[in-house]
There are 2 protein chains.
Amino acid sequence: MSVTLTATDGRIIGERAAATRRRLLDATVKLLNTEGVLDLKVVDITREAGAAPATFYQYFADLDSAILALVDDATEDERPLAAMLDAPWTTAADWVRCREFVDAYGVYWNDHQRVITLRNLRADEGDASFRGARVRADLLIIRKMADMVRASQEAGRLPGLLDPFATAAGMRAMADRLFQHEASIRLRGTTREGLRTTIAAILFHTLSGIAPPVSG
Amino acid sequence: MSVTLTATDGRIIGERAAATRRRLLDATVKLLNTEGVLDLKVVDITREAGAAPATFYQYFADLDSAILALVDDATEDERPLAAMLDAPWTTAADWVRCREFVDAYGVYWNDHQRVITLRNLRADEGDASFRGARVRADLLIIRKMADMVRASQEAGRLPGLLDPFATAAGMRAMADRLFQHEASIRLRGTTREGLRTTIAAILFHTLSGIAPPVSG
DNA sequence: TGTACATCAGTGAACGCGCGTTCACTGATGTAC
DNA sequence: TGTACATCAGTGAACGCGCGTTCACTGATGTAC
């Protein structure tokens, strides 16, 4: 998975330069988290990273390509998550694994929330690079979930009128949004545990067709 | 529901001015749809509306207040949708009403998609006005759905471990996202009908605890 | 170990564009008599 | 019905700021001998 990094002029960069590049990316994430997606500026990023504006352009052609690098980071972190779905949930005992999956998903989401939000925004607006990145990431998880729906339908545990792909996409959307709004949902009296158990219960039932156990 | 409109200087505006204001709002929606959320400019809006930049500031203090006016429009359109949930789904026959709800939701979503996306973005970034607007709109639908979950739990059709509010929020998120990505989901072989039936089936089962009928 | 040179990495300062916003103004519409 | 005036509505042109981006440069690190 190790990639040879190059500067915008094509030069292969050394250790020190790689560290600077990383600092710029970290600063970008930090600003996305504190300032938000709508007014992210190259100048601010370099200031945050303690570098001159010109430095940014040594490593990235523009803001978009820096964001796309962060998007790739996020996608990599999604692979282990997808691997957790390799073994489908087929008995009530698998509830435990479903619950573990939700916890892992929460960590992933927390790390990359803003980058993913921005990626989706740019993809919705029709940018081809961001579209491709989203599709690639989405498929990692959704395909596995869709497989599970299909298997559950064949086993007679789920109704045939569910479209497996759409169901999987919907479940992912549900999880994303609940994590995203965790803060405001908790304001309304739900605990962190209660929220995650709810996400897990809906996932479990909708994908496997098995009712979750009576107590989480 | 009729509101007296005022210009930024406080004057009450007449018919002609109200039409201009409306033209500016319509142009804003149009640009949101064609250009996207990230580079919406006052200058572009006025150009699209066939007016001078200065005209914009006669009706709106800034871009945000124009967006908030559009957000209010969207929220109004959500009321009839919420009313459809007044009578809960308690028998398999209510599947028809669930399916109608999903269709109505699709129309609403299609009309206001971009405005809602922008509202959510600004709310996530912490803007108090947009936060308030989102909460107000969300509650219209989510409260009704949460009531349904609670009733289904009391009737023994749904497990108690589901948090009603979180479940409702998740269902709304799922529906939103599936409509939002309808285009890309359909690329993968799902029909428009199939998608809507899938949304309806998940909603129906998750909120009422009743399995949807075998054929949609 | 020291020195000269090559290459790598980072920067200060500036240019130019485009956007938000305002001001003093013009044109359109309504009203009194 | 026409005219004078008041009010409503819309605008052209400009200012100024801030951001993206670049260029010629300086400083840091590595390497040969």
Side-chain angles (χ1 to χ4, degrees), chain A residues 3-28 30-32 34-70 118 122 127 129, chain B residues 3-28 30-32 34-70 118 122 127 129:
Chain A
V3 180
T4 304
L5 296 173
T6 56
T8 42
D9 59 9
R11 263 191 305 107
I12 291 168
I13 68 181
E15 241 178 69
R16 184 177 158 220
T20 302
R21 180 177 177 281
R22 190 67 247 170
R23 249 170 48 233
L24 289 167
L25 287 176
D26 291 343
T28 305
K30 184 167 179 199
L31 288 176
L32 277 176
T34 55
E35 303 300 314
V37 163
L38 287 175
D39 42 29
L40 185 63
K41 324 267 185 229
V42 170
V43 174
D44 292 339
I45 292 171
T46 54
R47 190 181 303 138
E48 176 70 34
T55 304
F56 184 89
Y57 293 94
Q58 286 210 311
Y59 301 105
F60 307 105
D62 49 28
L63 190 51
D64 275 4
S65 61
I67 303 291
L68 282 168
L70 289 170
L118 181 48
R122 298 299 312 279
D127 181 284
S129 305
Chain B
V3 179
T4 305
L5 296 174
T6 56
T8 42
D9 60 6
R11 263 189 307 108
I12 292 168
I13 69 181
E15 238 178 72
R16 184 178 157 219
T20 302
R21 180 178 177 280
R22 190 67 247 170
R23 248 170 49 232
L24 288 167
L25 288 176
D26 291 344
T28 305
K30 182 165 181 201
L31 288 177
L32 277 176
T34 56
E35 304 301 313
V37 163
L38 287 175
D39 44 29
L40 185 64
K41 323 268 186 230
V42 170
V43 174
D44 292 339
I45 293 170
T46 54
R47 190 180 303 139
E48 176 70 35
T55 306
F56 184 89
Y57 293 93
Q58 286 209 311
Y59 302 105
F60 308 105
D62 48 28
L63 190 52
D64 274 5
S65 61
I67 302 292
L68 282 168
L70 290 170
L118 182 47
R122 299 298 312 278
D127 182 285
S129 305

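Chain naming here is simple, since letters A, B, ... match the order of the sequence lines and numbering starts at 1 in each.
Across all their heavy atoms, A:Ser129 and A:Leu68 have their closest contact at CB-CD1, 3.7 Å. Annotation for A:Ser65 and A:Phe60: closest pair OG-CB, 3.6 Å, computed over non-hydrogen atoms. Minimum heavy-atom separation, A:Leu40 to A:Leu63: O-CD2, 3.6 Å.
Every residue meeting the side-chain contact (heavy atoms from CB on, under 4.5 Å) condition with A:Thr6, not counting sequence neighbours, appears here in chain and number order: A:Ile12. In this view, A:Asp26 and A:Arg22 satisfy the side-chain contact (heavy atoms from CB on, under 4.5 Å) rule, not counting sequence neighbours.
Paired regions of DNA chain D, where each region holds three or more successive Watson-Crick or G-U pairs whose two hydrogen-bonding distances fall under 3.5 Å, are C:2-33 with D:2-33.
Pairs passing the salt bridge (Lys or Arg N to Asp or Glu O under 4.0 Å) check and including a residue from residues 34-43 of chain A, sequence neighbours excluded, do not occur. Counting only residues at least two apart or on different chains, no salt bridge (Lys or Arg N to Asp or Glu O under 4.0 Å) pair has a member in residues 49-61 of chain A. Screening residues 57-66 of chain B for salt bridge (Lys or Arg N to Asp or Glu O under 4.0 Å), with sequence neighbours left out, gives B:Asp64-B:Arg122. Residues in residues 4-27 of chain B take part in no ring-ring contact (aromatic ring centres under 6.0 Å, His included) pair, two or more places apart or across chains.
Here B:Ala51 lies in heavy-atom contact (under 4.0 Å) with sugar-phosphate atoms only. The residue B:Ala17 sits close only to the backbone: its heavy atoms come under 4.0 Å of sugar-phosphate atoms, none of a base.
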Tell me which donor-acceptor pairs under 3.5 Å the side chains of residues 44-56 of chain A have, and how far apart each pair is, sequence neighbours excluded?
from	atom 1	to	atom 2	distance (Å)
A:Asp44	OD1	A:Arg47	NH1	3.2
A:Thr46	OG1	A:Val42	O	3.4
A:Thr46	OG1	A:Val43	O	2.8
A:Glu48	OE2	A:Lys30	NZ	3.1
A:Thr55	OG1	A:Ala52	O	3.2

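In this structure, A:Leu24 CG and A:Gln58 CD are separated by 9.5 Å, a value rounded to the nearest 0.5 Å. Distance check: A:Leu70 CG to A:Leu118 CG gives 9.5 Å after rounding to the nearest 0.5 Å. Note: A:Ile67 CD1 to A:Asp127 CG = 11.5 Å, rounded to the nearest 0.5 Å.
The stretch residues 39-47 of chain B has no heavy atom under 4.0 angstrom from DNA chain D at all. Residues of residues 8-16 of chain B that place a heavy atom closer than 4.0 Å to DNA chain D, in numerical order, are B:Arg11, B:Ile13, B:Gly14, B:Arg16. Near DNA chain C, defined here as any heavy-atom distance below 4.0 Å, the residues from residues 55-64 of chain B are B:Tyr57, listed numerically.
With a 4.5 Å cut-off on side-chain heavy atoms, B:Ile13 and B:Thr20 do not count as touching. A:Tyr59 has its side chain out of reach of A:Thr8: every pair of non-hydrogen atoms, C-beta onward, lies at least 4.5 Å apart.
For DNA chain D, the span of nucleotides reached by chain B at under 4.0 Å from its heavy atoms goes, 5' to 3', from D:dC8 to D:dG12.
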